[in-house]
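To start, the structure under review is shown below, and the notes come after it.
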Amino acid sequence: MNSVFLLLLFFQNADYAPAIKATADTQRRETQLREVAASSSRPTSSVAEDNRKQYAAAREQEFVEKFNKLISNLMEFADTYKSSHAMDVKKAQAIRKAWLDLEKSEAIFQDDKKK
């Protein structure tokens with residue numbers, strides 16, 4: 001009896017169906033997890049890129065506004081100097097304030113101070 005049982009076990013198919021199914025399920029789940037991980041990382045990089053572009057645009061807009069304020073103060077000072085041939089102290093102080101605001105906001109000016 002034991003020999004018959006051993007003989008049947010010996011000739012049993014090595015590709016046992018539940019083991020194959022479990023292996024296939026494991027591989028399928030792993031593939032799905034990798035796809036989810038890959039797809040979830042893509043929007044994060046685009047969101048970060050969008051944030052970086054918005055920050056750069058905001059910084060550029062801030063620079064333009066401060067630079068335009070400096071230019072308008074310089075033009076006002078020049079107009080009053082041309083007409084009265086005297087320096088308007090308030091306009092000179094406005095120029096200085098506009099220049100300092102521009103300096104504070106831009107890193108290019110801050111590097112010169114460190115040297």
Side-chain angles (χ1 to χ4, degrees):
M1 180 74 179
N2 284 340
S3 61
V4 173
F5 183 68
L6 287 174
L7 190 61
L8 287 174
L9 283 177
F10 181 69
F11 287 112
Q12 184 179 9
N13 191 354
D15 296 332
Y16 189 58
I20 291 173
K21 184 179 177 186
T23 303
D25 287 345
T26 303
Q27 289 175 350
R28 183 180 45 80
R29 275 188 255 132
E30 184 175 345
T31 304
Q32 288 173 345
L33 286 173
R34 288 179 189 227
E35 288 173 359
V36 168
S39 66
S40 67
S41 65
R42 288 182 198 132
T44 305
S45 64
S46 67
V47 169
E49 185 67 28
D50 290 344
N51 287 342
R52 194 174 313 121
K53 286 179 183 178
Q54 288 176 354
Y55 178 75
R59 294 276 299 176
E60 183 177 353
Q61 181 64 30
E62 180 185 2
F63 175 78
V64 167
E65 288 172 3
K66 289 183 179 187
F67 186 77
N68 287 342
K69 184 175 181 177
L70 174 65
I71 294 299
S72 67
N73 286 342
L74 282 168
M75 289 172 62
E76 288 176 14
F77 178 79
D79 289 342
T80 57
Y81 185 78
K82 282 181 185 177
S83 64
S84 66
H85 294 290
M87 288 181 39
D88 187 354
V89 176
K90 288 183 182 180
K91 294 198 187 284
Q93 288 174 344
I95 291 171
R96 185 168 198 270
K97 183 181 182 304
W99 178 256
L100 291 175
D101 287 343
L102 183 66
E103 256 186 348
K104 287 177 188 175
S105 69
E106 287 302 310
I108 193 169
F109 298 120
Q110 294 171 359
D111 289 341
D112 292 338
K113 289 181 180 180
K114 292 178 182 176
K115 291 180 182 178

Inter-residue atom distance Leu100.CG - Lys104.NZ, 0.5 Å rounding: 6.0 Å
Atom CZ of Arg96 with >12 non-hydrogen neighbours under 6.0 angstrom: no
hydrophobic_cluster_shared for Met87 and Met75, side chain cutoff 4.5 Å: yes
Where Asn73 and Ala94 come nearest, the two heavy atoms and their spacing: ND2-O, 3.3 Å
Heavy atoms of other groups near Phe77 CZ, more than 12 under 6.0 Å: yes
Lys/Arg-Asp/Glu bridge criterion (N-O < 4.0 Å) met for Lys69, Glu65: no
Separation between CD of Gln27 and CZ of Arg29, rounded to the nearest 0.5 Å: 11.0 Å
Atom pair CG/NZ of Leu102 and Lys97 - distance to nearest 0.5 Å: 12.0 Å
Gap between atom CG of Asn68 and atom CZ of Phe63 - 0.5 Å precision: 9.5 Å
Verdict with reasoning, Lys53 to Asp50, per salt bridge (Lys or Arg N to Asp or Glu O under 4.0 Å): CA-CA 5 Å; Lys53 286 179 183 178; Asp50 290 344; 5.3 Å; no
Pairs flagged by side-chain hydrogen bond (donor to acceptor under 3.5 Å, both in side chains) wherever residues 78-92 is involved - sequence neighbours left out: none
Neighbour count above 12 (heavy atom, 6.0 Å) for Gln32 CD: yes
Rounded distance (nearest 0.5 Å) linking atom CD of Glu49 with atom CG of Asn51: 9.5 Å
CD-CD distance between Gln61 and Gln54, expressed to the nearest 0.5 angstrom: 14.0 Å
